[in-house]
Enquirer: 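Have a look at this one before I ask anything.
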Amino acid sequence: MAYKITLIPGDGIGPEVSGAAQACVDAIARRFGFGVDWEEMPAGEEAEKKHGSVLPKKTLASIRKNTVALKGPITTPVGSGFRSVNVELRQKLDLFANVRPAKLLPGVESKYSGVDLVVIRENTEDLYAGIEFDEGKKATIDLISFAKKNTGKTIRKDSAISLKPISVFGSRRIAKFAFDYAKANRRKKVTAVHKANIMKYSDGLFLKTVQAVAKKYPSITFEDRIVDNMCMQLVIKPELYDVLVCPNLYGDIVSDLCSGLVGGLGIAPSANIGEKYAVFEPIHGSAPKHAGKDEANPTACILSAAMMLGHIGENKAAVALEEAVVEVIKEGKKVTYDLNPRRHVGTKAMTEEIIRKIGESA
Ligand code: NAD
């Protein structure tokens with residue numbers, strides 16, 4: 001049988017790392033006797049130039065039809081220009097759970113040992129909702145007056161404002177996902193990350209809702225940490241933590257921190273999961289300074305593809321692909337610059353070595 005999967009190459013290093021992941025999936029599929037029919041679709045800067053939209057309708061339609069996509073990173077202009085395609089994709093497809101594992105793989109140089117964390121990040125609400133009011137606009141002035149009238153607080157007239165919606169629905173849904181994930185993956189502890197001491201309503205609601213869900217999972221230890229303390233704890237003793245459930249913004253920041261504990265963004269995979277659709281992508285961005293130079297680490301995108309194989313039910317292929325990657329990293333001879341600054345190869349050579357390992361273990 002053949003699975004139909006949407007492939008979005010993305011911007012910058014995206015086409016190189018997603019091409020590497022595609023080749024590895026094809027190799028593992030051949031070994032395990034199934035096929036993959038890739039449907040390549042545009043999104044990002046190139047898509048805007050060629051199709052007049054950063055997220056063309058046909059790309060969304062393809063994911064809705066196939067229900068699963070593998071995606072390279074997409075550039076988002078800083079401070080101006082178009083809004084994040086990644087955020088739009090997650091909102092339009094209601095990919096509410098962002099799963100970001102950070103596991104120290106054998107052979108990766110790190111100051112730590114025994115780190116095996118999973119960040120479960122709420123993916124649709126919070127400051128990423130994209131509800132913003134620009135400085136000097138009438139709606140912003142109205143909002144400033146509304147806030148003054150209803151809270152007595154003064155916001156400076158030359159302010160820009162971003163809204164931070166956090167709902168019971170969104171918090172309950174992500175909490176349930178985190179505990180179900182912990183149960184299914186034999187994890188022992190879930191830690192809620194928040195700043196409810198300061199944001200008593202938004203983060204307070206998130207914490208209260210997660211606490212209520214936690215009561216339904218008595219076999220899993222539950223605790224919570226204020227986000228600043230959480231960052232310090234993770235740097236000092238990451239081995240004490242297991243599954244972290246976070247609102248959107250903290251989840252983004254804390255998961256990058258976690259990837260730093262286990263060797264960096266080049267090896268950090270992720271999944272965006274909803275009720276109907278799932279999109280798999282590396283945590284890292286389009287790293288423009290490395291684009292087109294055959295030097296980006298393909299591991300994060302390949303491990304994202306392994307998560308995708310697990311999601312479609314090809315568990316043995318998922319494990320075998322991860323094992324091939326781990327083997328190549330452990331040997332340390334054909335890895336990219338970030339894994340071995342003294343002796344390294346390019347994206348293509350590392351990918352070829354992973355594919356060779358897949359063949360060898362057949
Ligand atoms: P980045 O992740 O692209 O790069 C940060 C640094 O991490 C790079 O300079 C590089 O040193 C390292 N790095 C990242 N990926 C690597 C890899 N595969 N191999 C080796 N080293 C790697 O972050 P940034 O520079 O802040 O963002 C660049 C662009 O990517 C921005 O436009 C941003 O909005 C976008 N972005 C997209 C996504 C996504 O598509 N999901 C995620 C994050 C950032």
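Start at 1 with the first residue, then count along the sequence. Atoms within a ligand are numbered from 1 in the order they appear, just like the ligands themselves.
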Enquirer: List in chain and number order the residues that pass ring pair (Phe, Tyr, Trp, His ring centres under 6.0 Å) with Tyr250, two or more places apart in sequence or in another chain; answer none if no residue qualifies.
Expert: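 Here no residue qualifies.
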
Enquirer: Would you kindly check if the NZ (Lys) or CZ (Arg) of Lys189 is within the cone defined by 45 degrees around the ring axis of Tyr241 and under 6.0 Å from the six-membered ring centre?
Expert: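 Relative to the ring axis of Tyr241, which defines the angle, Lys189 lies inside both limits.
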
Enquirer: Using a strict cut-off of under 4.0 Å between a residue heavy atom and any atom of ligand 1, list the qualifying protein residues by chain and number.
Expert: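 Around ligand 1, where the cutoff is 4.0 Å for heavy atoms, the contacting residues are Ile13, Lys71, Pro73, Ile74, Thr75, Thr76, Asn86, Arg90, Leu265, Gly266, Glu281, Ile283, His284, Gly285, Ser286, Ala287, Pro288, Lys289, His290, Ala296, Asn297, Tyr337, Asp338.
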
Enquirer: Tyr337: what forms a ring pair (Phe, Tyr, Trp, His ring centres under 6.0 Å) with it, not counting sequence neighbours?
Expert: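 Ring pair (Phe, Tyr, Trp, His ring centres under 6.0 Å) check on Tyr337 returns His290.
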
Enquirer: Apply the hydrophobic cluster definition, ILVMFWY joined by side-chain contacts under 4.5 Å directly or through others, and give me every member besides Leu265.
Expert: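 In the cluster with Leu265 are Ile283.
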
Enquirer: Donor-acceptor pair, distance only, cut-off 3.5 Å: does the side chain of Tyr277 make one with the backbone of Arg90?
Expert: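 A pair under 3.5 Å: no.
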
Enquirer: Look at the side chain of Asn248 and the backbone N and O of Asp126, then say whether any donor-acceptor pair between them is shorter than 3.5 Å.
Expert: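 Absent.
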
